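Not measured: the values here are computed from a predicted model. Just so we're on the same page: letters track the sequence lines, and every chain starts at 1.
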Amino acid sequence: MKPFYIYNTLSRKKEEFKPLVEAHAGVYVCGPTVYGDPHLGHARSAITFDVLTRYLRHLGYKVRYVRNITDVGHLENDADSGDDKIAKKARLEQLEPMEVVQYYTNRYHDFMHALNVLPPSIEPHASGHIIEQIEMIKTILDHGFAYIENGSVYFDVAKYNQSHVYGKLSGRVLDDMQSNTRELDGQTDKHNPFDFALWKKASPEHIMRWPSPWSDGFPGWHLECSAMSTKYLGDTFDIHGGGMDLLFPHHECEIAQSVAAQGHEAARYWMHNNMITNNGQKMGKSLGNFITLEEMFAGSHKLLAQAYTPMTVRFFILQAHYSSTLDFSNEAMQAAEKVLKRILEAVTTLNKLAPAATSTRENEIPAIIEKCYAALSDDLNTSLAIAHLQEAVRIINSANDKKDSLTATDIDRLKQLFSGLLFDSLGIAAEQQQSGNTALLDGVVNMVLDVRRQAKANKDFATSDKIRDELVKLGIVVKDTKDGSSWTLA
RNA sequence: GGUACCAUGGCCGAGUGGUUAGGCAGCGGUCUGCAAAACCGUGUACUGCAGUUCGAAUCUGCAUGGUACCUCCA
């Protein structure tokens, strides 16, 4: 198997990926909290780890990819009554909580499908793993790393830090944090401000609740990932992913929970995708500056100059390395749209290219292919891979212009490159053709173009230009070449 | 205040201690009846200051600016 390198947040170094089990990879990624519509940020995380699993599979790994649905347990605020977000929204809209969960889960799936994000192997719901979470709390209590207070259970960070390092992932030092803590009101139950809830007793009005040995309540928001990842991937597994904003405290707490329960860490490689920003600021719920995917695809947000297709959004995201912040702008989106179109048209051209007897590029093509894959193998450098792919695009267009010649072998290699790298690994899909009768459309447009050809032959340019302009209005772009006219859907 | 990270040409965005990233936009050209597309050519780029080095945008230090996390967040 070819070497694959990952930047591991835990070591802050790029490391060669060595799976726990030969040719197998277990991947866990923190999925969405389904209390609202997915936005660009959700797309980035999903696409980043979609490319990861796609590429691991391309390299020959058998991948089990687990991405959870968070439908309980995210506390609004430790200091408030302990409502979780799902319950709040539910009451707000007078709906059954699980109806809200189902609604947004369905929408999440629809948008992910549009973005050509493959479904995970397993998509566990936190609400379906209450028993596992309760069992894990019991173990942590047995091991002395948690305490019960008023029907709630809290993780004892200070105790844990005596024998282990709390903060190893995020680089935080507990003592420093303690000397810089903010005063929070209503911390009556916690022994220490850094302790976090494993189980939270439900207030009387709290409608999402489950029985437990400690109280009727709900699990703490860090626990679900620890419980579900190890359930499906084993008590040690390969890769844990998520957004950078989850690094602390969420992932830090996951490590502490795993160690407290199992005696050792669960995840071996931690990968974090960076944020999408809007005018340099993180797109997020709290700032209200996010653009939902629905708005992106419809062009219905005031910041959007136009609608962008799901593939344009996907390509825009892949044009940056996943660990860099990516700033949204219409200019950048439009540039991405053009590049993607250019690449996809080159693929069409490639499929029609007639092979030549000799090649002007026979040495370059294998080199380009190697560079493309080397880029992806280097911590998923999609940006570089796309840059190299464009060298192939130029060669294809140049061959189409008869300025280069490519043999059948060259053409075959290029086809494999686009199929293996662009389509399979990067997950770009050629835009769907209109579902109508394509043969009919084909016939009609060709007939119209034939009339135009005659007009041109008679130097009746007024008529030929009128035909071209009218076709453009219908979304059909005409291209005149030496060999005649061709057309594509815009 | 603490922790982590970032700073590349009009814009987006890779990158290695010395040799072209790539693209968008712009400009010039080829092609075209004209366009579009394509192809060819075209850019004093690396926040500032010091240091290491034969040589740094790439390493080190300092400064400045910015972002994220420290409360739910991809």
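Among residues two or more places apart in sequence or in another chain, the side chain to side chain donor-acceptor pair (under 3.5 Å) test is passed with A:His109 by A:Glu123. When the side chain to side chain donor-acceptor pair (under 3.5 Å) test is applied to A:Thr382, no partner is found at least two apart in sequence or on another chain. In this structure, the ring-ring contact (aromatic ring centres under 6.0 Å, His included) partners of A:Phe4, at least two apart in sequence or on a different chain, are A:Tyr55. For A:Arg107, the salt bridge (charged side-chain N to carboxylate O under 4.0 Å, His left out) partners two or more places apart in sequence, or in a different chain, are A:Asp37, A:Glu294. Partners of A:Ser127 by side chain to side chain donor-acceptor pair (under 3.5 Å), not counting sequence neighbours, listed by chain and number: A:Asp71. Every residue meeting the ring-ring contact (aromatic ring centres under 6.0 Å, His included) condition with A:His129, not counting sequence neighbours, appears here in chain and number order: A:Tyr232. Checked against ring-ring contact (aromatic ring centres under 6.0 Å, His included), A:Tyr108 has no partners two or more places apart in sequence or in another chain. Taking the side chain to side chain donor-acceptor pair (under 3.5 Å) definition, one finds that A:Asp245 meets it with A:Lys282, sequence neighbours left out.
Across B:U19 and B:A56, the matching P atoms stand 11 Å from one another, rounded to whole Å. B:G65 and B:A37: their C1' atoms are spaced 43 Å apart (whole Å). One C1' atom belongs to B:U58, the other to B:U52, and the distance between them is 14 Å to the nearest Å.
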Along nucleotides 20-28 of chain B, 5' to 3', which nucleotides get a B, which get an S, and which get a -, given that the test is a protein heavy-atom distance under 4.0 Å?
-BSSSS---

Result block: side-chain N/O donor-acceptor pairs under 3.5 angstrom for residues 331-340 of chain A, not counting sequence neighbours:
unit_1	atom_1	unit_2	atom_2	d
A:Gln334	NE2	A:Gln306	OE1	3.1
A:Glu337	OE1	A:Gln306	NE2	3.3
A:Glu337	OE2	A:Gln306	NE2	3.3

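Among the heavy atoms of the strands lying under 4.0 Å from A:Met283 is at least one base atom, whether or not backbone atoms are also near. The residue A:Gly41 sits close to a base: some heavy atom pair falls under 4.0 Å. Note on A:Phe248: only backbone sugar-phosphate atoms sit closer than 4.0 angstrom, heavy atoms only; bases stay farther off. In this structure, A:Asp327 reaches the sugar-phosphate backbone alone: every heavy-atom distance under 4.0 Å involves primed, P, OP1 or OP2 atoms, never a base.
Using a 4.0 Å cut-off between a side-chain N of Lys or Arg and a carboxylate O of Asp or Glu, A:Glu364 and A:Lys371 do not qualify as a salt bridge.
Stem list for RNA chain B (at least 3 consecutive Watson-Crick or G-U pairs, distances under 3.5 Å): B:1-7 with B:64-70, B:10-12 with B:22-24, B:26-30 with B:38-42, B:47-51 with B:59-63.
For RNA chain B, the residues of residues 271-280 of chain A within the heavy-atom distance limit of 4.0 Å (strictly under) are A:Asn273, A:Asn274, A:Met275, A:Ile276, A:Gly280, sorted by number.
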